[in-house]
Each structure stands twice: as structure tokens, then as C-alpha cells.
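Before any comments, here is the structure.
All residue numbers in this chain count up from 1 along the given sequence.
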Amino acid sequence: MSMTMHSILLIVLMAVFTMLLRFLPFFVFKGKIPAYIEYLGKVLPQAIIGMLVVYCLKDTKVFTYPFGICELLSVADIVLMQWWRRNSLLSILSGTVVYMILVQVVF
């Protein structure tokens, strides 16, 4: 088997299995969605965001210069942008830009 054919076969298999995993819940839960699945659909997004925040801030050094000021200001920017515009993508982008400016230019 040639390298090109091998690559094409891998891409096709990955696409099929990805689609299968995406469509599987619709085949399993044909009519009514169980209550625990609906519950997970409501609470998991907030839990995942909380875990991401903890993961992003876990290595913040608060006892050495700049004492976590960059992280604190970028988190404050994200919170304010989310409160003001209610747009997650804009909030994350804004916080990332603020953090990078603070790290690269200010501190």
C-alpha cells in the first residue's frame, strides 16, 4: 500500500468514526432523552469552564514579581467583557490580548 493511499484511508476512517461518535447519541436515545443526560447537558459546560480557569491559573506565582497581576487583570477583563457583551469568544479573545500585552510589553 502506498503512503498516499495509507494517508487517505486513515483520514476516511477518522472521519467515519468521528461522525459515528457524533451521531451515536441520536441513535441510542431515539425519542426521550433520559433525565440524567439532560442534567449533564446543563451542568457540564459550567464545570468544564471552571476546571479550565483553575488549570490556567494553577501555576500563577503570587509571591514573586509581578505577583500574578497579569493573570488578575486578564481575568478581570474576561469577566467584565462577558458581563458587558455576553459573548464568550469576544471575552476570551479580549482577555488573551490583555494578558499578552501585559506580559510582553508592561511586565
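The line from CG of L90 to CD of Q82 is 9.0 Å long, rounded to the nearest 0.5 Å. Residue W83 holds its CH2 atom at 12.5 Å from OG of S91, rounded to the nearest 0.5 Å.
Screening residues 92-107 for side-chain hydrogen bond (donor to acceptor under 3.5 Å, both in side chains), with sequence neighbours left out, gives D77-S94. Under the side-chain hydrogen bond (donor to acceptor under 3.5 Å, both in side chains) criterion, no residue pair touches residues 41-68, with sequence neighbours excluded.
Hydrophobic cluster membership for F17: M1, M5, L9, L13, L20 (Ile, Leu, Val, Met, Phe, Trp, Tyr linked by side-chain heavy atoms under 4.5 Å, directly or transitively). Cluster partners of I78 are absent, since no Ile, Leu, Val, Met, Phe, Trp or Tyr has side-chain heavy atoms less than 4.5 Å from it. Other residues sharing the hydrophobic cluster of V16, ordered by chain and number and joined by side-chain separations under 4.5 Å: I8, V12. Other residues sharing a hydrophobic cluster with M19 under the 4.5 Å side-chain heavy-atom criterion for ILVMFWY residues are F23, F27.
Connection of Y36 to I33 is established within a shared hydrophobic cluster, with ILVMFWY side chains joined at heavy-atom distances below 4.5 Å, either directly or through further cluster members. Taking hydrophobic clusters as Ile, Leu, Val, Met, Phe, Trp and Tyr residues chained together by side-chain heavy-atom distances below 4.5 Å, F67 shares a cluster with L73. Taken together through direct or relayed side-chain contacts under 4.5 Å among Ile, Leu, Val, Met, Phe, Trp and Tyr, L57 and I92 form parts of separate hydrophobic clusters. The hydrophobic cluster containing V75 does not contain M51, counting ILVMFWY residues as joined when their side-chain heavy atoms lie under 4.5 angstrom apart, directly or transitively. The hydrophobic cluster containing I69 also contains L102, counting ILVMFWY residues as joined when their side-chain heavy atoms lie under 4.5 angstrom apart, directly or transitively.
When all heavy atoms are compared, the tightest approach of G95 to S74 is O-CB, 3.6 Å.
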